[in-house]
Amino acid sequence: MKARFVIVLLVIAMLCSLSLAQDMTAEDWSKKGEDELFNNSSFEGALQAFDKAVEVDSTNATLWLHKAQVHEFMGDRGMAVEAYNEALNLTEEDLQENPDDADAWWNKGVILDSLDRQTEAKEAREKAVQVYNQTLSGNPEDGETWFKMAEVLVSLNRKEAAIDAYEKSIEMNSSKAGMAAISISHLLAEAGRYDEAIVASDRALNLTSPDNIQDRKLVLDIKGNILMEEAKRPKEALQAFDEALKLDPEDKTSLMYKAYILNDLQRYNESIEVYQTVIELDSNESNAWIGKGDALNATGRKDEALEAYRSALEIIELDIQENPENSRALERKGKALYKMGEYEEAIDAFDRSIDVSPPSFAISSASYFAWVGKGDAMLKLGRNEEALEAYRQAIELYPLNRDAWHGKGEAQKALGKRIEGDWAFQMAEKLGYRE
């Protein structure tokens with residue numbers, strides 16, 4: 001699911017390019033928000049910047065959309081919905097003034113999708129495609145419009161057509177040629193064409209200016225994710241993240257990926273060092289504390305691991321105090337408690353996360369993670385029927401969840417259903433499950 005997070009960041013990066021506030025100060029705040037999000041991995045900094053942007057230009061729908069998406073990342077679905085609705089109202093006003101504003105139709109589709117109004121979202125995106133087609137019929141060499149067309153086609157699940165449009169964007173020397181290439185890489189990876197996807201990511205680097213550090217880091221992180229999550233080539237993935245860190249040695253996203261891979265490669269002491277670097281950069285990064293705890297556990301340093309998990313739990317509790325309905329924080333609480341061996345308390349936290357989590361379409365949803373965590377805790381307590389049901393719920397929400405399939409296999413095995421368990425294990429392996 002790490003890849004999913006990167007894909008969402010990529011989508012926001014694309015949408016940021018549409019934000020052209022007339023008031024320069026608002027644009028400056030918007031750029032600062034992007035910098036905080038992509039370069040500093042700071043949701044709080046990004047939110048403060050976008051708050052300032054909408055104060056300066058409160059009629060800019062795209063700024064409200066970015067504000068909503070950051071709220072989603074922070075687990076505050078209620079505030080996100082308010083911002084989405086404001087963005088939608090402003091977009092509607094824009095479209096009343098100019099019904100042929102394709103960018104506004106595209107934004108409208110994103111907003112409606114985020115509000116779970118799927119039918120309307122599709123209609124808005126189809127309208128964007130129609131208007132972009134009209135533009136391209138008059139100017140088929142408009143590389144920027146080809147790029148936008150490709151983005152909308154992806155959201156409509158018309159992936160082959162999207163690849164063709166991205167290729168046109170590159171051919172016409174669009175300013176987004178590098179992003180077009182990495183988007184092609186994503187689509188090829190989703191289709192299981194990993195070698196082609198990696199070639200496309202290298203092409204993206206060649207098309208991205210050496211001076212554009214932000215985009216080059218993003219390309220390298222995405223390439224690393226493809227190598228790590230899809231192609232199962234962790235050593236090459238590590239090289240990609242090391243290249244990203246040469247551009248910015250303090251990039252927390254690349255550091256977290258590097259630490260994760262080092263742990264996966266059983267290079268636990270190195271993994272601990274990298275997690276510690278993240279903690280020194282941001283002592284409130286609970287996932288770094290949990291990752292450090294995992295690596296310490298693997299080296300037999302149980303007491304130190306327990307202290308790391310406790311540190312994570314203290315940070316998470318503060319997040320929950322600030323927003324008791326933060327489903328992601330509640331899921332992380334369950335994870336930390338599980339790793340501490342507090343299985344009953346972990347189940348309570350996972351249940352609370354499930355109860356308050358927005359629907360699975362939302363960026364802030366943690367429900368399928370929480371169902372898997374609950375299943376894992378149930379298994380530890382020998383409550384195998386309940387564990388099996390939890391894994392079934394996770395799979396229903398996200399059928400490609402390899403951890404859920406593996407857990408289902410373990411639960412079925414514990415219940416004496418060997419054949420069914422073997423089939424679930426095979427599914428997990430096909431989806432890339434690793435111990």
Side-chain angles (χ1 to χ4, degrees), residues 1-6 189 194-195 198 220-246 249-282 285-313 332 335-341 346 369 372-373 375-377 379-380 400-407 409-410 413 424-435:
M1 296 304 295
K2 295 177 180 61
R4 179 177 183 267
F5 176 73
V6 175
Y194 304 126
D195 290 338
I198 293 161
L220 286 163
D221 281 345
I222 291 170
K223 178 183 178 180
N225 263 274
I226 293 168
L227 287 162
M228 175 177 67
E229 296 287 333
E230 309 294 346
K232 309 300 177 289
R233 290 155 61 176
K235 291 182 180 179
E236 292 174 69
L238 184 58
Q239 292 174 358
F241 295 127
D242 277 337
E243 286 295 317
L245 288 167
K246 286 179 183 177
E250 296 187 351
D251 184 81
K252 288 188 293 182
T253 300
S254 299
L255 285 165
M256 287 292 288
Y257 284 133
K258 179 176 180 176
Y260 174 84
I261 292 177
L262 288 168
N263 190 70
D264 192 51
L265 291 170
Q266 300 182 2
R267 293 163 59 178
Y268 301 120
N269 289 329
E270 293 173 80
S271 178
I272 291 166
E273 289 178 9
V274 179
Y275 279 125
Q276 185 59 37
T277 299
V278 177
I279 290 164
E280 289 169 4
L281 290 169
D282 182 1
E285 180 52 73
S286 60
N287 284 324
W289 283 106
I290 290 174
K292 181 180 177 181
D294 290 344
L296 286 164
N297 245 338
T299 62
R301 296 153 67 180
K302 305 297 183 184
D303 291 342
E304 292 176 77
L306 191 59
E307 284 303 312
Y309 295 140
R310 284 176 180 150
S311 294
L313 190 58
R332 290 198 303 274
K335 184 189 295 184
L337 288 165
Y338 172 85
K339 291 175 181 293
M340 294 168 68
F369 296 116
V372 172
D376 291 345
L379 268 185
K380 288 290 188 181
L400 301 181
N401 189 323
R402 54 181 175 249
D403 293 326
W405 279 105
H406 182 82
E410 292 287 1
K413 179 182 173 182
F425 288 138
Q426 289 175 28
M427 280 295 297
E429 186 176 350
K430 286 180 180 178
L431 292 170
Y433 179 83
R434 296 190 303 274
E435 293 287 353

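This is a predicted model, so every value here is computed, not measured. Atoms considered below: every heavy atom in the structure, side chains included; atoms not considered: hydrogens, waters and symmetry mates. Along the sequence shown, residues carry numbers from 1.
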Please say whether more than 12 non-hydrogen atoms of neighbouring residues, nucleotides or ligands are located less than 6.0 Å from NZ in Lys430.
no
Is atom CD of Glu236 surrounded by more than 12 heavy atoms (other residues, nucleotides or ligands) closer than 6.0 Å?
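Yes.
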Hey, what do you get for [atom1] ([X]) to [atom2] ([Y]), rounding to the nearest 0.5 Å?
X	Y	atom1	atom2	answer
Tyr260	Leu265	OH	CG	10.5 Å
Asn287	Lys292	CG	NZ	15.0 Å
Asn263	Glu270	CG	CD	11.5 Å
Ile272	Thr277	CD1	OG1	12.0 Å
Glu273	Lys258	CD	NZ	9.5 Å
Leu337	Arg310	CG	CZ	11.5 Å

For [X] against [Y], the heavy-atom pair lying closest together:
X	Y	result
Tyr257	Met228	CD2-CE, 3.9 Å
Ala189	Tyr194	O-CE2, 3.2 Å
Ser271	Ala259	OG-O, 2.8 Å
Arg267	Leu238	NH1-CD2, 3.6 Å
Ala244	Ser254	CB-OG, 3.5 Å
Phe241	Leu220	CE2-O, 4.3 Å

Decide, yes or no, whether a salt bridge links Asp195 with Arg233 under the criterion of side-chain N to carboxylate O below 4.0 Å.
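Looking at Asp195 and Arg233, the cut-off is met.
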Under a 4.5 Å cut-off applied to non-hydrogen side-chain atoms, are [X] and [Y] in contact?
X	Y	result
Ile290	Asp294	yes
Gln426	Trp405	no
Glu243	Gln239	no
Leu313	Met340	yes
Glu285	Ile279	no

Before giving the answer on side-chain contact (heavy atoms from CB on, under 4.5 Å), spell out for Tyr338 and Lys380 the whole-Å C-alpha distance, their side-chain angles and the decisive distance to 0.1 Å.
CA-CA 9 Å; Tyr338 172 85; Lys380 288 290 188 181; 3.3 Å; yes
Set of side chain to side chain donor-acceptor pair (under 3.5 Å) partners for Ser286, sequence neighbours left out
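Residues passing side chain to side chain donor-acceptor pair (under 3.5 Å) with Ser286: Arg332.
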Decide whether Tyr309 and Asn297 meet the rule of one side-chain donor and one side-chain acceptor closer than 3.5 Å.
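Yes - a donor-acceptor pair under 3.5 Å links their side chains.
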